[in-house]
Amino acid sequence: MLLYHGSNVIIDTPRLNYSRKSLDFGAGFYAKSDYNQAEKWALRTAHLRKIGKPCISVFEIVEPKWSNLHILKFDSANIDWLKFVVAHRTNQNSNDDFDVIIGPVANDRTIDVINQYIAGTFTDEIALYYDHSVADLIIEKYGYSRLDALRKFVESDTHKLLEDVDNGLNSIGENGIFDIWENEIVTGNPYNSIYIRGQ
């Protein structure tokens, strides 16, 4: 497996003492499995530091050698991931002893919600939808900010319907959920959606 580290200098040997404890996963050497993401990070780092040039360092990882390591893996940016990131960003999780942490890192799309969560403005429930595709659809069509889109979705009757796992709505996908939400906004009744009437 290849991992990529984007920076303003080439890294031959990763060193942990240059990393801050308040990063998403704490102090460590950060690398990405996606070359394009690493390239964007390299461009950003070179621009911010105003020294050096964008560079991608490539590392080959031999996974069988990981068997003796203490590994934490987040398959998605879920609520456990959010709490883990927030704990590190607020210096409340300095005692974890993981050798490797795998998972997404916060980006421009999620940072506002993380900050709102830290400030106590967002509950766990609202934060669960910080990267939800439905919010993207709401933003795309109605032009709301991400925070407003999240609030409008989570505070809707459509969201209440989704909390009932027995009605099967969670299996229809984000476009169907968006249609239900939009029918609620336009007609005042989410049950006017074809995704509910057609059941």
J.: Not counting sequence neighbours, which residues clear side chain to side chain donor-acceptor pair (under 3.5 Å) with Asp179? List them please.
T.: Asn183, Ser193
J.: Under a single-linkage rule joining Ile, Leu, Val, Met, Phe, Trp and Tyr whose side-chain heavy atoms are separated by less than 4.5 Å, which residues share a cluster with Ile139?
T.: none
J.: Apart from Ile56 itself, which Ile, Leu, Val, Met, Phe, Trp or Tyr residues share its cluster (side-chain heavy atoms under 4.5 Å, direct or through members)?
T.: Leu2, Tyr4, Tyr35, Val58
J.: Which heavy atom in Ala149 sits nearest to a heavy atom in Ala135, and how many Å separate them?
T.: CB-O, 4.1 Å
J.: Minimum heavy-atom separation for Tyr30 and Asp24, please, with both atom names.
T.: OH-N, 3.7 Å
J.: Considering non-hydrogen atoms only, spot the tightest contact between Cys55 and Ala42 and give its length.
T.: O-CB, 3.5 Å
J.: Are Tyr142 and Lys152 close enough that some pair of their side-chain heavy atoms sits under 4.5 Å apart?
T.: no
J.: Salt bridge (Lys or Arg N to Asp or Glu O under 4.0 Å) with Lys141: which residues, sequence neighbours excluded?
T.: Glu182
J.: Rounded to the nearest 0.5 Å, what separation is found between the CD1 atom of Ile180 and the CG atom of Asn175?
T.: 11.5 Å
J.: To the nearest 0.5 Å, how far apart are NE2 in His5 and OG in Ser7?
T.: 4.5 Å
J.: Using the rule that two of Ile, Leu, Val, Met, Phe, Trp, Tyr join whenever any of their side-chain heavy atoms come within less than 4.5 Å, decide whether Leu23 and Leu48 are in one cluster.
T.: no
J.: Rounded at 0.5 Å granularity, tell me how far CG in Leu150 sits from OH in Tyr144.
T.: 13.0 Å
J.: Going by side chain to side chain contact (heavy atoms under 4.5 Å, CB included), name the residues that satisfy it together with Glu140, two or more places apart in sequence or in a different chain.
T.: Leu137
J.: List for me each residue that meets side chain to side chain contact (heavy atoms under 4.5 Å, CB included) alongside Lys160, sequence neighbours excluded, and say none if there are none.
T.: Asp157
J.: Give me the other members of the hydrophobic cluster that Ile51 sits in, counting Ile, Leu, Val, Met, Phe, Trp and Tyr linked by side-chain heavy atoms under 4.5 Å, directly or via other members.
T.: none
J.: For a 4.5 angstrom cut-off between non-hydrogen side-chain atoms, does Leu72 reach Phe25?
T.: no
J.: With a 4.5 Å limit on heavy-atom distance, are the side chains of Val9 and Ile11 in contact?
T.: yes
J.: What pairs meet the salt bridge (Lys or Arg N to Asp or Glu O under 4.0 Å) rule with one or both residues in residues 184-195, with sequence neighbours excluded?
T.: none
J.: Identify, with sequence neighbours excluded, every residue that meets salt bridge (Lys or Arg N to Asp or Glu O under 4.0 Å) alongside Lys73.
T.: Asp75
J.: Phe59: which residues meet the ring-ring contact (aromatic ring centres under 6.0 Å, His included) condition with it, sequence neighbours left out?
T.: Phe29
J.: Distance check, rounded to the nearest 0.5 Å: Leu43 atom CG versus Asn8 atom CG?
T.: 11.5 Å
J.: Mind listing the closest non-hydrogen atom pair of Trp41 and Lys32 along with its distance?
T.: CB-CE, 4.3 Å
J.: Please name all residues satisfying side chain to side chain contact (heavy atoms under 4.5 Å, CB included) with Tyr191, sequence neighbours left out, ordered by chain then number.
T.: Leu161, Asn189, Ile196
J.: Please enumerate all residues that pass side chain to side chain contact (heavy atoms under 4.5 Å, CB included) together with Lys83, with sequence neighbours excluded.
T.: Ile79, Tyr117, Asp124
J.: Kindly indicate whether the side chain of Phe74, heavy atoms from C-beta on, has any atom under 4.5 Å from the side chain of Ile102.
T.: no
J.: Which pair of heavy atoms, one from Leu3 and one from Ala31, lies closest together, and at what distance?
T.: CB-CB, 3.9 Å
J.: Do Thr90 and Ile118 have side chains that approach each other closer than 4.5 Å (heavy atoms only, starting at C-beta)?
T.: yes
J.: How many angstroms lie between NZ in Lys40 and OG1 in Thr45, if you round to the nearest 0.5 Å?
T.: 14.0 Å
J.: So, for Asn36 and Asp34, which heavy atoms are closest and what is the spacing to 0.1 Å?
T.: N-OD1, 2.8 Å
J.: What's the spacing between Thr158 OG1 and Ile185 CD1 if we round to 0.5 Å?
T.: 7.0 Å
